[in-house]
Amino acid sequence: FRTFDADGNGSVDFQEFAVGLFVSSCQDLDKKLDWAFRVYDINGDGYITKDEMAKIVTSICKMTKSTADVENMIHDIFNTMDVNKDQRISREEFLKGASHNDFVIKLLQPDPDS
């Protein structure tokens, strides 16, 4: 919801919804990764923590009825992306790590079992 509510007014109008759908389904990897970063960065501080990642991945697994091991997924993502090992992933780390690692891109897709 946060990523679709572009003006932050607490509601999503048709234009925001249409733009959100376009970006989330866009074939441009950079746009899609930037959108995905904003989804995972729940508090909007410019970093993804393990807790934030766990909330999103757990939600995705519940929606898709996935049996994926969330803790292992998060461990793998952080092991790959958290270059400076500060226990959080910056936008730069996320974009660089995901765009150069097929395994991580697959983990960030909506269906972890795919």
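- The shortest distance between side-chain heavy atoms of Met53 and Tyr40 falls below 4.5 Å.
- To the nearest 0.5 Å, atoms CG (Asp82) and NE2 (His75) are separated by 11.5 Å.
- Residues satisfying the side-chain hydrogen bond (donor to acceptor under 3.5 Å, both in side chains) test with Asn72, not counting sequence neighbours, are Asp69.
- Annotation: the span from Ile74 atom CD1 to Thr58 atom OG1 amounts to 6.0 Å, rounded to 0.5 Å.
- Here the OG1-NZ distance, from Thr80 to Lys96, works out to 13.5 Å after rounding to the nearest 0.5 Å.
- In this structure, CG on Asp51 lies 13.5 Å from CZ on Arg88, to the nearest 0.5 angstrom.
- Here Asp34 pairs with Arg91 under the side-chain hydrogen bond (donor to acceptor under 3.5 Å, both in side chains) rule; sequence neighbours left out.
- Residues meeting the side-chain hydrogen bond (donor to acceptor under 3.5 Å, both in side chains) test with Lys50, sequence neighbours left out: Gln87.
- Checked against side chain to side chain contact (heavy atoms under 4.5 Å, CB included), Asp45 has the following partners two or more places apart in sequence or in another chain: Asp41, Asn43, Tyr47.
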Next on the checklist: Is there a side chain to side chain contact (heavy atoms under 4.5 Å, CB included) between Ile48 and Ile77? Walk through the geometry before answering.
Outcome noted: CA-CA 11 Å; Ile48 301 170; Ile77 291 169; over 6 Å; no
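- The side chain to side chain contact (heavy atoms under 4.5 Å, CB included) search around Val12 returns Phe1, Phe4, Asp5, Glu16, Phe17, not counting sequence neighbours.
- Shortest non-hydrogen contact noted between Phe94 and Ala36 is CZ-CB, 4.0 Å.
- Side-chain contact between Asp76 and Met81 is absent, with no heavy atoms from C-beta onward closer than 4.5 Å.
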